[in-house]
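Take a look at the structure below.
The chains referred to below are lettered A, B, ... by the order of the sequence lines, with proteins before strands, and numbering in each begins at 1.
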Number of protein chains: 2
Amino acid sequence: MIRAHADTTNKETIMASEQIENYIKNIYKLSSNEGKVTTSSLSEKLQISPASVSEMIKKLAEERTLTHTPYKGVELTEEGKKLALRIIRKHRLWEMFLVEVLHFRWDEIDDEAERFEHIMSDTMEEKIDHVLGHPNIDPHGDPIPTRDGEIHCTMSYPMIESHPGMRVRVLRVSDSNSDLLKYVSSIGITLNKQIRIKQKMSFDNSLLVVINKKEINISSTIAENIFVETIEKE
Amino acid sequence: MIRAHADTTNKETIMASEQIENYIKNIYKLSSNEGKVTTSSLSEKLQISPASVSEMIKKLAEERTLTHTPYKGVELTEEGKKLALRIIRKHRLWEMFLVEVLHFRWDEIDDEAERFEHIMSDTMEEKIDHVLGHPNIDPHGDPIPTRDGEIHCTMSYPMIESHPGMRVRVLRVSDSNSDLLKYVSSIGITLNKQIRIKQKMSFDNSLLVVINKKEINISSTIAENIFVETIEKE
DNA sequence: TTATAAATTTAGGTTAACCTAAATTTATAT
DNA sequence: ATATAAATTTAGGTTAACCTAAATTTATAA
Ligand SMILES: [Mn+2]
Ligand SMILES: [Mn+2]
Ligand SMILES: [Mn+2]
Ligand SMILES: [Mn+2]
């Protein structure tokens with residue numbers, strides 16, 4: 001049996017299990033990235049069979065965390081979105097804490113946060129937020145939602161879309177692959193680092209850039225996962 | 001399904017589930033407090049029916065975490081003891097961390113640690129130990145086992161056994177009741193606090209003591225849960 | 001020493017969250 | 001328009017960890 005950490009009954013809300021929280025969080029993420037959320041996209045993301053996902057969706061629809069149009073897709077209700085943002089907040093606050101206080105590297109923290117987001121009490125969420133001075137981004141540059149579900153996205157675009165001559169600043173790096181994060185920092189890229197784009201290679205779409213006065217070639221895959229803002233147009 | 005956080009396979013050891021870890025930890029605690037561990041004492045402690053406990057014991061005996069003499073009781077194997085101490089270490093390190101870094105009070109931390117002890121990775125255990133400067137007691141004065149299972153108990157006795165005229169120092173307070181902890185600190189008792197015993201009341205076994213120059217009466221129940229060492233005999 | 005009481009184990013059943021295989025619905029390509 | 005393919009749902013089954021009730025073993029008290 002999985003027992004929730006707080007009282008499982010809270011007026012009308014029933015505490016969600018760890019697995020249910022993972023479903024909700026990932027539905028939120030898929031919908032804000034791709035728009036529509038299907039059984040198969042969730043199945044793919046959670047690495048759970050489509051049949052199991054379909055079952056769980058039915059259950060979540062019954063308890064009004066989301067709406068389900070059979071064979072079409074799902075959408076979180078307001079209640080569901082609120083829950084999702086709360087889980088994401090805990091995840092990102094905890095990542096920040098791991099980096100700032102326990103000196104983990106940004107490529108080591110996602111797995112830890114993936115578990116801890118479900119365990120963290122509201123009290124602890126507050127204390128961590130306080131100790132960190134109410135940060136608004138996590139170590140990968142992702143925005144940390146406020147306690148009541150506001151989320152402010154920074155305006156950034158994938159570096160792959162930048163043009164030669166530009167100077168850009170790194171605002172976010174996709175946290176989906178820890179090896180990518182490790183590599184990215186090994187070539188000197190951190191949040192807020194400034195980068196000059198020298199050349200775009202037509203044969204493979206890679207970029208020739210200058211970081212810390214050194215020229216480096218960045219593959220298109222990597223350039224798609226680094227999000228920047230423009231500092232200087234040419 | 002409960003999925004363990006690390007690889008569930010580690011050469012020959014299979015990662016224990018959260019519930020199994022709770023069984024193991026509490027068997028260890030019962031055996032070091034009472035000596036023998038029976039189905040009913042465990043059932044009582046874990047608040048799980050004797051039937052379920054009996055089943056689980058059978059399972060743990062099969063995988064050699066403990067030995068079981070049916071109708072008699074259980075005893076942890078060396079392997080089991082090691083595991084228990086590791087969980088206790090994580091629990092107590094985390095309690096220390098909550099108090100020192102997140103400024104929780106000593107009466108707020110047990111529930112948090114109860115969940116976190118199962119979630120903490122070995123890496124995190126190390127980082128926390130390091131940030132805290134390798135503490136050897138937790139916020140309640142309980143010893144923190146080393147990573148390889150050494151545990152050094154301080155020599156202390158329940159304050160109820162002290163005699164008028166003595167000066168004692170608080171080395172440990174039982175963490176089993178958070179209201180007791182809250183009350184104890186409200187009357188000025190913390191770890192290392194010095195207390196002078198003035199009188200022992202014969203009618204109810206309570207103690208009249210001096211703390212911070214103030215006279216206070218301490219009930220026998222409380223005096224049984226505060227552990228001290230003698231500083232001055234008379 | 002035997003009868004009753006207490007502790008323990010076994011039997012049979014539930015629930016959440018998964019799975020594979022089969023059935024159904026929707027999409028796509030001639 | 002229809003046949004095939006893909007996506008989704010339903011059916012039926014598993015496992016861990018619990019439960020209550022019944023059976024068994026051990027302890028205790030007349
Ligand atoms: Mn998670
Ligand atoms: Mn992140
Ligand atoms: Mn626990
Ligand atoms: Mn403690």
Look for any protein N or O under 3.5 Å of an N or O in nucleotides 9-15 of chain C and output each such pair with its distance, or none.
residue	atom	partner	partner atom	Å
C:dT9	OP1	B:His68	NE2	2.6
C:dT9	OP1	B:Tyr71	N	3.1
C:dT9	OP2	B:Thr39	OG1	2.8
C:dT9	OP2	B:Ser54	OG	2.9
C:dT9	O5'	B:Ser54	OG	3.2

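- Here the options are A:Glu126, A:Glu95, A:Glu150, A:Glu125, the test is salt bridge (Lys or Arg N to Asp or Glu O under 4.0 Å), and the partner is A:Arg89; only A:Glu125 passes.
- Ranking C:dA17, D:dC19, D:dC18 by closeness to the A:Ser17 side chain, first place goes to C:dA17.
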* Asked: Can you check side-chain hydrogen bond (donor to acceptor under 3.5 Å, both in side chains) on A:Ser121 and B:Glu112, steps first, answer last?
  -> CA-CA 8 Å; A:Ser121 68; B:Glu112 300 274 350; 2.5 Å; yes
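- For A:Phe116, the ring pair (Phe, Tyr, Trp, His ring centres under 6.0 Å) partners at least two apart in sequence or on another chain are A:Trp94, B:Phe116.
- Sorted by first then second residue, the side chain to side chain donor-acceptor pair (under 3.5 Å) pairs that include residues 24-44 of chain B, not counting sequence neighbours, are B:Lys25-B:Glu114, B:Lys25-B:Glu117, B:Thr38-B:Ser40, B:Thr38-B:Ser41.
- Between B:Met56 atom CE and C:dT8 atom P the separation is 17 Å, expressed in whole Å.
- Nearest nucleotide to the A:Ser40 side chain, out of D:dA16, D:dA7, D:dC19: D:dA7.
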For residues 58-70 of chain B, which side-chain donor-acceptor pairs fall under 3.5 Å, sequence neighbours excluded?
residue	atom	partner	partner atom	Å
B:Thr67	OG1	B:Glu75	O	3.3

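- The nearest whole Å value for the distance from the CD atom in B:Glu21 to the P atom in D:dA16 is 16 Å.
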Identify every side-chain donor-acceptor pair in residues 49-57 of chain B under 3.5 Å, counting partners at least two apart or on other chains, and give the distances.
residue	atom	partner	partner atom	Å
B:Ser49	OG	B:Ser52	N	3.2
B:Ser49	OG	B:Ser52	OG	3.0

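- Between C:dA16 and A:Gln19, no contact under 4.0 Å exists linking OP1 or OP2 to a side-chain N or O.
- Shown are A:His134, A:Arg147, A:Lys90; of these, the side chain to side chain donor-acceptor pair (under 3.5 Å) with A:Asp129 is made only by A:His134.
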* Asked: Can you give the dot-bracket line for DNA chain C, using ( ) for pairs inside the strand, [ ] for pairs that cross earlier ones, | for pairs with another strand and . for unpaired bases, where Watson-Crick and G-U count if both distances are under 3.5 Å?
  -> ||||||||||||||||||||||||||||||
* Verify side-chain hydrogen bond (donor to acceptor under 3.5 Å, both in side chains) between B:Asp110 and B:His91, making sure each step is shown before the conclusion. => CA-CA 8 Å; B:Asp110 197 71; B:His91 183 107; 3.1 Å; yes
